[in-house]
Amino acid sequence: MDKRIQSVSEAVADIQNGSTVMIGGFGEAGSPIELIHALIDSGARNLTVVNNNTGNGEVGLAALIGNGQVRKMICSYPRSSHSKVFPELYRAGKIELELVPQGTLAERIRAGGAGIPAFYTPTTVGTPLAEGKEVREFNGRKYVMEPWLQADYALIKCETADHAGNLTYNKTARNFSPIMCIAATTTIVQARKIVAPGDIDPECVVTPGLFVDRIVQVAEPLQESKLIAEGVSYP
Amino acid sequence: MDKRIQSVSEAVADIQNGSTVMIGGFGEAGSPIELIHALIDSGARNLTVVNNNTGNGEVGLAALIGNGQVRKMICSYPRSSHSKVFPELYRAGKIELELVPQGTLAERIRAGGAGIPAFYTPTTVGTPLAEGKEVREFNGRKYVMEPWLQADYALIKCETADHAGNLTYNKTARNFSPIMCIAATTTIVQARKIVAPGDIDPECVVTPGLFVDRIVQVAEPLQESKLIAEGVSYP
Amino acid sequence: MSDSTEMKKGWSRNQMAELAAHDIPDGSCVNLGIGIPELVAQYVPEGREFLYHTENGLLGMGPTPESGEEDPELINAGKKPVTALPGASYFHHADSFAMIRGGHIDVCVLGAMQVSGNGDLANWSTGEVDAIPAVGGAMDLVQGVKNIFVITTHCTKTGDAKLVEACTYPLTGVGVVSRIYTDLAVIDVTPEGFRVNKLAPGVSFEEVVEKTGAPVLPAA
Amino acid sequence: MSDSTEMKKGWSRNQMAELAAHDIPDGSCVNLGIGIPELVAQYVPEGREFLYHTENGLLGMGPTPESGEEDPELINAGKKPVTALPGASYFHHADSFAMIRGGHIDVCVLGAMQVSGNGDLANWSTGEVDAIPAVGGAMDLVQGVKNIFVITTHCTKTGDAKLVEACTYPLTGVGVVSRIYTDLAVIDVTPEGFRVNKLAPGVSFEEVVEKTGAPVLPAA
């Protein structure tokens, strides 16, 4: 079961208009910038994108949004010191936003992958983000019911992948990626290194291979902050 | 924050009568037999014990049960080829049983550690184990609501611990241990090896140190199946 | 006619396992129940590769180790020693059942006490008062895994039908079984009920009908 | 009297951070919000050790790296480069917020727009129509962490009270704040409402009362 694909464009070629796409990364850490750029090249539109943020500058996720391919963002923090694309489109009413607290976002994604359609969390109780949601008391404390979150695709950056799709990550670039791998029907991964099965210690595998569908090597990925500093704009 | 304790007896000394104790292990794999024997020596009674099984032979968990210290077992599979202690007590009406499907047991424990008071699962829908439970439909499919499971103590066997409580496990001896570590107020660990902080690769830590309270070294733990083959009975 | 002659006429345990193995597509992630289902691993068809999951925390499970090579901390769900193949991974129980409940396992092969025409499965308890109830991971597997295959003798040792109109034993899951491999036939669970997919050599459709406790349709 | 003179009379940002640091017990697991709370890490009292958690997946976070040593894949929740100390561990976001929601973090220090006398916190949105709403992990932190400390100037730049009877900005959480460090005072949230714990040098109780938008009780 060799899951290697030759190019990022081939890896994302079947992503259709209207798909829901989870994109790993917390800011630039773990952002699969080459896969995102391939998705820009593919031209798929009307996407719902799940990411903690909305990208920076005019590369990567921000470029995908700026290119008008995203109908709706599901995220916890859609602004940053370098984000301007999303705010402009949002103020112009050209993009939808589902704002989800970071921990609820993570847990909804995990639930989506774990076959749990809903769970209760204390997060948002008594706040505007709980409006319209079921509130229920357990052991004398109030909790909000939250539904799972699933996706058609996940775009993921990892450190090392083996042919069978076992993955390890690098430091805090891990963030949402392992749970997105389990919540998406098709998981597409760009890896700095690709090794043979058995080369990753089975005790240290973070994402087991059955969650991964396609692996493409990007040995020297672009770094978002560097591109922004250089004033790069994609495409 | 050095969490090392000198002896297993010291490590379990404060476990009171009536405590809920999660015990890691799936059959003998990962069973913290020295900690269990220390708990037998301590004499704490009226315990509620959470484990996938009910022990084998007359050592470890089976011995704890056989010694009359357990009021109630929460488990998925309370019999095995070598289990006789629990079945006898159960038939005699001397011990309570809460039977929980294995995946629901795991998820309830994780939920207990993750601050999620309840979740929905398709497991048990339409079976006797769903009786009395809330059934609810999501996306046209029925699910059962299950509550979290928490404990006063977790008794855990790991492979390597550092002073700060970071843990790694050995192969399928991992099983329920990482989730029990997060669901217990006080987590007590026996480790084959204890190393200095930094000696475990931070990418390969399975249980981060903040979930662990006490570590005691048991360099050469007893093996349950060997004791049973030798006809050993504890104490 | 004794049970033993019946067995000779129909398929053996190993033949049932082999038939089931042949119905599993290449690249599938497979979970095998305890008992006859374990035999499936011996019959992976030429050119196919299955990835074995065992719910106690191992993906990429390999065959039984050589005698003397057993590791008591490397076992399967039946608590027997196994091995790990290159590319294996270990994980904890909540992650393992996330794989199961989340629909990430393609095929699970289980034993059965009873299966009903609408795919209900009973395989965990006889419901007897004195029995120690034990469910393990069966209820999670039948709800989460995409395809549930059952391997079982067509009748009990005392000749009672195991394929029935409605299960009398406590259920493991409702409408979960897709295909059944018995010593007499391969039987699909269809919206119309049981339907023969294949008859064992020397077994007639009439015999299957006679020994089944619910209507059975002939092969389509 | 201008804001800047007020600041000189009361505590500085660093002094507020130092006061908060002194109230954190040895061995605590601590999460620091973005902004002034980050300064707390500079004032760990002699003999105490804190374990820093950052919700983007690192426990055992160390100080800012030397210039040139930054790793864009080793950052904190504010997306600034950090380091990892010996004994650190990395984990994914669901595990990270399990630590938070599950009550495993001892202290979280956050900024605030408003805090009410019953401990309600507003720190994520001004509620303005044109604003881009962004919540991050704040709502999870205030519900999950055992002790929520707030560091904030006592009043806004325009002199409005930030400690109020009821928050007018959208809430982050209800009844979650336990202690507030302002430039004028340390104030506890008690069942009876705000109560002064400590006054800054040169600041009178009357001044605190005057600049607080809700009743304040004197130090017990």
Side-chain angles (χ1 to χ4, degrees), chain B residues 1-4 22 106-119 148-152 154 158 160-169 174 178-187 191 194-215, chain D residues 24-31 44-45 47-62 71 73-75 82-108 137 139-148 173 176:
Chain B
M1 278 166 293
D2 191 334
K3 295 172 179 176
R4 285 175 294 175
M22 291 180 175
E107 192 62 21
R108 287 180 61 192
I109 294 168
R110 182 202 174 261
I116 292 169
F119 61 90
W148 69 15
L149 201 50
Q150 297 180 319
D152 302 306
C158 82
T160 305
D162 71 17
H163 302 174
N166 292 301
L167 310 183
T168 66
Y169 300 87
R174 187 185 301 198
I179 48 177
M180 288 179 169
C181 285
I182 80 170
T185 306
T186 302
T187 295
I194 299 185
V195 298
D199 285 354
I200 301 177
D201 180 349
E203 302 282 4
C204 298
V205 168
V206 177
T207 294
L210 90 165
F211 294 120
V212 172
D213 299 281
R214 300 170 197 164
I215 307 155
Chain D
I24 301 175
D26 184 35
S28 292
C29 182
V30 179
N31 183 297
V44 179
R48 285 188 221 173
E49 202 185 335
F50 301 161
L51 180 65
Y52 291 106
H53 173 264
T54 181
E55 59 263 36
N56 54 317
L58 168 60
L59 189 72
M61 180 172 67
D71 180 344
E73 300 200 323
L74 179 48
I75 59 174
V82 294
T83 50
L85 298 175
S89 56
Y90 298 107
F91 32 82
H92 65 58
H93 250 82
D95 281 351
S96 185
F97 280 86
M99 292 178 186
I100 292 170
R101 200 187 308 98
H104 306 283
I105 312 288
D106 299 301
V107 177
C108 179
M139 287 192 186
D140 307 285
L141 285 161
V142 298
Q143 289 293 343
V145 175
K146 290 176 205 158
N147 289 291
I148 301 294
V176 295

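Predicted, not measured: the structure shown is a model, and the values here were computed from it. In what follows, chains are A, B, ... by sequence order, proteins preceding strands, each numbered from 1.
Options D/His53, D/Glu49, D/Gln143 differ in how many heavy-atom pairs under 4.5 Å they form with chain B, and the most are formed by D/Glu49. Among D/Leu85, D/Ile105, D/Leu59, the residue with the largest count of heavy-atom pairs under 4.5 Å with chain B is D/Leu59. Ranked by heavy-atom pairs shorter than 4.5 Å toward chain D, the options B/Ala183, B/Gly198, B/Pro202, B/Pro197 are led by B/Pro202. Among B/Ala164, B/Gly165, B/Pro208, the residue with the largest count of heavy-atom pairs under 4.5 Å with chain D is B/Pro208.
D/His93 and D/Phe97 have parallel rings, their planes meeting at less than 30° on a 0 to 90° scale where 60° marks the start of perpendicular.
Separation of atoms OH (D/Tyr52) and OG (D/Ser28) is listed at 9.5 Å; rounding is to 0.5 Å. Between the CG atom of B/Asp2 and the NE2 atom of B/His163 there is a distance of 5.5 Å, given to the nearest 0.5 Å.
Evaluated for a side chain to side chain contact (heavy atoms under 4.5 Å, CB included) with B/Cys158, the options B/Leu167, B/Ile194, B/Asn166, B/Thr207 yield exactly one hit, B/Leu167.
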